[in-house]
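Please read the structure below before turning to the comments.
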Amino acid sequence: QVQLVESGGGLVQPGGSLRLSCVVSGLNLDYYVVGWFRQVPGNLHEGVAAISVPDGTTFYGGSVKGRFTISRDTFKDTVYLQMSSLKPEDTAVYYCAAGPPRVVGIGVLSPYSYEHWGQGTQVTVSL
């Protein structure tokens, strides 16, 4: 059974940092792309970042480029999202998702490209 479990969310002040973790089990992560998405109530999932686990190629959404960094630890079957210079508009539930390599060609930051999803972790940026 495939499972993705996010952790690391919480409350942080504007300008602060958080690191989210996504632990994946039940599939060989070496053959997948892992993406991070976020959602606020009433909105669609927004693609934040993605990483091709086999070769480490990274992709970022425009609103987080330069502030967020995605990385992977293949020994731990974990993908991280380091978030810095956080803004109130970064407040959302953050999800990780895994998909086959073809997602790079069909929409690496589109939620519709991904097959397996975690349950999400809340990030709140506020004073």
Checking Glu46 against Ser63: is there a side-chain donor and acceptor pair closer than 3.5 Å? yes

Do you know which two heavy atoms are closest between Phe37 and Ser110, and how far apart they sit? CE2-C, 3.7 Å

Sub-4.5 Å side-chain heavy-atom contact between Val53 and Val34: yes

Considering only residues two or more places apart or on different chains, which pairs with a residue in residues 63-79 satisfy salt bridge (charged side-chain N to carboxylate O under 4.0 Å, His left out)? Arg67-Asp90

Step through it carefully: locate the ring centre of His45, locate the ring centre of Trp36, and say whether they are under 6.0 Å apart. no

Consider only side-chain heavy atoms of I, L, V, M, F, W and Y, link residues closer than 4.5 Å, and tell whether Leu4 and Leu81 are in one cluster. yes

Using distance only, find each side-chain donor-acceptor pair of residues 9-27 under 3.5 Å and give its atom names and separation, not counting sequence neighbours.
none

When rounded to the nearest 0.5 angstrom, what is the spacing between CD in Gln3 and CD in Gln119? 9.0 Å

What do the steps show when you test Tyr94 against Gln39 for side chain to side chain contact (heavy atoms under 4.5 Å, CB included), and what is the final call? CA-CA 7 Å; Tyr94 283 71; Gln39 186 181 35; over 6 Å; no

Do you know which two heavy atoms are closest between Tyr60 and Thr69, and how far apart they sit? OH-CA, 3.3 Å

Is there a donor-acceptor contact under 3.5 Å from the side chain of Glu6 to the main chain of Gly120? yes

Specify the closest pair of heavy atoms between Gly99 and Tyr114, including all atoms of both residues, with the distance to one decimal. N-CD2, 3.5 Å

Taking side chain as C-beta onward, heavy atoms only, is Ile70 less than 4.5 Å from Tyr80? no

Least distance between heavy atoms, Phe68 atom then Val48 atom: CD2-CG1, 3.5 Å

For the hydrophobic clusters of this structure (ILVMFWY residues joined by side-chain heavy atoms under 4.5 Å, transitively), does one cluster hold both Val40 and Leu86? no

Write out all pairs satisfying salt bridge (charged side-chain N to carboxylate O under 4.0 Å, His left out) with one or both partners inside residues 107-125, taking only residues at least two apart or from two chains. Arg102-Glu115

Do Tyr31 and Val79 belong together in a cluster built from hydrophobic side chains that touch within less than 4.5 Å? yes

Does Val93 belong to the same Ile/Leu/Val/Met/Phe/Trp/Tyr cluster as Trp117, with side-chain heavy atoms less than 4.5 Å apart forming each link? yes

I'd like to know if the side chain of Thr58 and the backbone of Ile51 have a donor-acceptor N/O pair within less than 3.5 Å. no

Path from Val64 to Leu109 over hydrophobic side-chain contacts below 4.5 Å: no

